[in-house]
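Each chain gets a letter, A, B and so on, in the order its sequence line appears, and its residues count up from 1.
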2 protein chains.
Amino acid sequence: MTAPLNERKKNILRAVVLNYIKTAEPVGSRTVTRTCRTGLSPATIRNEMADLEEMGYLTQPHTSAGRIPSQKGYRYYVDNLMDPDESCNDDESALISSVNSEKMREIEQIIVSSAKVLSSVTNQTCLIMGPQFKKSAFHQIRILPLDEKRGLVVLITDTGFIKNKVIDLQQNLSPGELQQVVSYLNHKLCGLTIDQVTTSLINELKRDLFRRLEILEQAFILLEESLKEEKQIRVFLGGTTNILNQPEFKDVDKIRRMLNLFEQEALLFKILEDSSSEDDIVIRIGAENEVADIQECALVTGTYKIHDKTLGAVGVLGPTRMDYSRVISVLRRMVDHLNSCLSS
Amino acid sequence: MTAPLNERKKNILRAVVLNYIKTAEPVGSRTVTRTCRTGLSPATIRNEMADLEEMGYLTQPHTSAGRIPSQKGYRYYVDNLMDPDESCNDDESALISSVNSEKMREIEQIIVSSAKVLSSVTNQTCLIMGPQFKKSAFHQIRILPLDEKRGLVVLITDTGFIKNKVIDLQQNLSPGELQQVVSYLNHKLCGLTIDQVTTSLINELKRDLFRRLEILEQAFILLEESLKEEKQIRVFLGGTTNILNQPEFKDVDKIRRMLNLFEQEALLFKILEDSSSEDDIVIRIGAENEVADIQECALVTGTYKIHDKTLGAVGVLGPTRMDYSRVISVLRRMVDHLNSCLSS
DNA sequence: TTTAGCACTCAGCTTCATTGAGTGCTAAAG
DNA sequence: CTTTAGCACTCAATGAAGCTGAGTGCTAAA
C-alpha cells in the first residue's frame, strides 16, 4: 500500500531520525540541510518532509515546530536505513567482557552484574530475566539425612542449577530404604524437563511410593514448588535511574508510572517473555509492545542460552528515541558474552 | 541549655507538627487556634510561635508563610509529645499477619513480602536487610559426592540457613576419606559463628588437611566466600514509588538522587546497619542519619531475630514529615510478627 | 523541479499586576 | 503583665499580555 520511498526521502528520514535521537528536539528543515549535505535548500526539504508526514513517517508536535519521527518512521529506519553493523568500541567491549572476569560463581551474580554493565553502557534501563528453571531437565535427585527427623533434598539439573530444601522425614528411615526411594525417583524423573513434570505425574509417583513405604509426603513439596516456580522467575533491573535522564521522562507522573511498572515483576516478566521465543534480537517500538505501560518506549531484546538451551531474555528499555544501532550492537555483544560465560 | 517548654508551647508545637504531617503545608496561627481548641487568639499563638522559632523548634520557609517544624522540632515531638501507644488498626494488623500465612518456605520470600506489606501500610518506602549470615553459627558441614569429579558442599547453620556449592574434587576420593575430612571440619567449626572463621583459621585447617590428604583445595572456597559474603548482604526494597507521592519529592532532581541511592545496595546496607545495633526501635531524623543522601528524610528502624539472635534490620524511610506514631506502631507490630515467623 | 520570499503560527519566556495567606508590631483592653 | 484587635507589610503563586524566534506553508519566479 505505502509507496516505496525514493532515495532522497530515505536520506531525509534518516537525517531526521539521527538528529532527533541525538538532540531530542524536533528537527527543522534547516537542520536537515546541514546534516544531509545534498545541496538542497530548506524549502525543498520542507516539501519532502510534508510528504513524509502525510505518509505517516514523521509527525509535528505543533504547527510551527520541526518534525519528529513517528513510530512508523522509527520502524522504517530500523528495518531499512540503519547501519546494522555498527560495532561497539573497545572500552565498551572491555566492560562487557569484565562481567565474568573475576570468576563469579553464582549465576545470579552474573545476571545482576550484566544488568548493571548493560545499562551503564547503553544509558538505558535494562531488564534481565533470570534463568528459567522449568526449561531445565532433571539430572539427579539426592536426599541427604541431616538428623533423625530431617533431611535435605537436593535437586540438580542438566544446566547446573541446584535447588535444595529441608524436609521432615515423618518416621525413621533406614539409609537403605531412603536409597530405594531416591533411585526410584531418579529413574522416573531423569531427563524430563521441569515443566514436563505435571501434577498428575507427581500423583502417580506418590501412589507408587505410598504403596511401598508410607512416608515422604514432604519430599514432594520441593517438586511441587519447582512447578509453581515457573511463575516466579525473577527479573533483574539495571540502571532504573537512567530512564530519568531522558528528556521524555521529565514529567513526574510518567516517572511514577514507570517506576510502578518496575516494581511489578510479573509485568516485567511478561514484557521479556513476549520476545523471548525468537532466537535473534527483537525490536519492539511503541505500540508494538503488548504491555500498555511501555507503549511510549522501545524495547530491544535478546536471549541467552546455557548449553544451547534458551533459558532467559535480556532487554534494553528506553524511549522510542533510542540509539537503536548502538543498543543492538552492544546487546548482541552482551548476549554472546553471556552465552560463553554460562556454558563454561 | 534550652529552657523546658511550658504546657502551652508544647500544645502549640504538637499542633503544628500534627497539622504539617497531615497537610504538608506551612501552618499558620489561625490553623493552630482551630486545632488547638484553647480559647486563645491568633495573635497570642503568633507570639508563642515566634518564641518557638527563636528556640529552633520551628522554621519559616519565607516571611509571610506559616511555620513548619524544624528537625529539632520533630525530635522534640517524637521524644516528648507523641502518643507512643497508638496501635495500628485491625485491617493493618491483618495485612501484616498475612505475610507468613501461606506457608512461605524461603526466608527470602518472607523478607520480600514483608517489605511490600510494610510499605503499603505505611505509604512509605521500606528497606529490609536480609539475614546476616555471618552472625549465624555453624551447625554442620556435609559433602555429598555427585559424580566422579564433583561434590556438593552443604553448610548448615544453627539459624536454619543452608548454603551449598558444587566443588571439583581434584582426585578420586573414597567415601571413607571424604567422611574423615568432613568430620574433622565439623569438629573444628561446629559452634563458631561465621565471622569467627578468620582467614588464619582457614589456613590452619588447610595445613592440617594437606598433611593428611592433598585435596579439597576447592572445598575451602565456600568457606572463604561465606566470609566475603558479609559485605554482600542483600537489602530488599518495598514501595519505592511511594516516596514519589510525597509532595517533598515533586522535584525530578530529588527523585533522581533518591532512586540512585536505592540502586546502591552498599549504601542501603550502611543506612540500616547504623541503627541495627540497638534492640528497640530507633528513629533518625534528618541529619541524625549518617548517610548524606537521606539527610532530608526520617528513618524508623527495628531489628528482627531468629531464635533470639539479631540477624537483620527493617526500616521505614520517608520525608521528615512522617506520621511517626503510626509508623512506629506498624513497624513494631511487623517486627514482632517477623520474629515469631522466623523462629518457628 | 527547485528555490527565494513572505506571511503566519505557536511554544516558551519575560514582565507586570493582582491576590491572599500570614506575619510583626503597636496600642489598647483585661 | 498578659492578651487581643488592628493595621501595614511581605512574599509566593497565579494569570494575563506582549515579545521572540524557530519553523512552517504557500506562491511566484528561476
What pairs of donor and acceptor atoms, side-chain ones from residues 256-263 of chain B against any protein atom, are under 3.5 angstrom apart with sequence neighbours left out?
{"residue": "B/R256", "atom": "NH1", "partner": "A/L244", "partner atom": "O", "Å": "3.4"}
{"residue": "B/R256", "atom": "NH1", "partner": "A/N245", "partner atom": "OD1", "Å": "2.5"}
{"residue": "B/E263", "atom": "OE2", "partner": "A/G239", "partner atom": "N", "Å": "3.3"}
{"residue": "B/E263", "atom": "OE2", "partner": "A/T240", "partner atom": "N", "Å": "2.6"}
{"residue": "B/E263", "atom": "OE2", "partner": "A/T240", "partner atom": "OG1", "Å": "2.5"}

Worksheet entry | Side chain to side chain, A/V78 and A/I285, heavy atoms closer than 4.5 Å | yes
Response to the item:
The answer to which of A/A50 and B/T63 contacts DNA chain D further toward the 5' end, by nearest nucleotide, is B/T63
Item to complete: State which residues pass salt bridge (charged side-chain N to carboxylate O under 4.0 Å, His left out) with B/D83; sequence neighbours excluded, sorted by chain then number.
Response: none
Discussion item. At a heavy-atom distance below 4.0 Å, what parts of residues 20-30 of chain B sit against DNA chain D?
Written reply: none
Discussion item. Run the side chain to side chain donor-acceptor pair (under 3.5 Å) test against B/S93 and tell me which residues pass, sequence neighbours left out.
Written reply: B/R333
Item to complete: Please lay out, stage by stage, how B/L5 and B/L52 fare under the test side-chain contact (heavy atoms from CB on, under 4.5 Å).
Response: CA-CA 9 Å; B/L5 300 183; B/L52 283 168; 4.2 Å; yes
Practice prompt. Please report, rounded to the nearest Å, how far the P atom of D/dA22 is from the CZ atom of A/R67.
Written response: 18 Å
Worksheet item: How close or far is atom C1' of D/dT10 from atom NE2 of B/H62, stated in whole angstroms?
Response: 8 Å
Worksheet item: What residues form a side chain to side chain donor-acceptor pair (under 3.5 Å) with A/E48, not counting sequence neighbours?
Response: A/R8, A/K9
Worksheet item: Considering residues at least two apart in sequence or located in another chain, which fulfil the side chain to side chain donor-acceptor pair (under 3.5 Å) criterion with A/S41?
Response: A/T44
Practice prompt. Anything below 3.5 Å on both distances counts as a pair; with that, list the stems of at least three consecutive Watson-Crick or G-U pairs involving DNA chain D.
Written response: C:1-30 with D:1-30
Worksheet item: If each of B/S64 and B/R46 is mapped to the nucleotide of DNA chain D with the nearest heavy atom, which maps nearer the 5' terminus, i.e. the 5' end?
Response: B/R46
Practice prompt. Report the residues that fulfil salt bridge (charged side-chain N to carboxylate O under 4.0 Å, His left out) with B/K254, sequence neighbours left out, ordered by chain and then residue number.
Written response: B/E296
Worksheet entry | Contacts of type side chain to side chain donor-acceptor pair (under 3.5 Å), residue B/Q264, not counting sequence neighbours | none
Worksheet item: Going 5' to 3' on DNA chain C, which nucleotide is the first and which the last to come under 4.0 Å of a heavy atom in chain B?
Response: C/dA21 to C/dG24
Worksheet item: For the side chain of B/T31 and the backbone of B/V27, is there at least one donor-acceptor N/O pair under 3.5 Å apart?
Response: no
Under 3.5 Å, N/O pairs linking protein and nucleotides 1-4 of chain D:
{"residue": "D/dT3", "atom": "OP1", "partner": "B/R8", "partner atom": "NH1", "Å": "2.8"}
{"residue": "D/dT3", "atom": "OP2", "partner": "B/R8", "partner atom": "NH2", "Å": "3.1"}
{"residue": "D/dT4", "atom": "OP2", "partner": "B/S41", "partner atom": "N", "Å": "3.1"}
{"residue": "D/dT4", "atom": "OP2", "partner": "B/S41", "partner atom": "OG", "Å": "3.4"}
{"residue": "D/dT4", "atom": "OP2", "partner": "B/T44", "partner atom": "OG1", "Å": "2.3"}

Discussion item. Holding to side chain to side chain contact (heavy atoms under 4.5 Å, CB included), I want the full list of residues that pass it with B/L81, two or more places apart in sequence or in another chain.
Written reply: B/K10, B/L13, B/R14, B/Y76, B/Y77
Practice prompt. Run the salt-bridge test on B/K250 and A/D253 with the 4.0 Å N-O cut-off and return the result as yes or no.
Written response: no
Worksheet item: Ion pair present between A/R326 and A/E92, side-chain N to carboxylate O less than 4.0 angstrom?
Response: yes
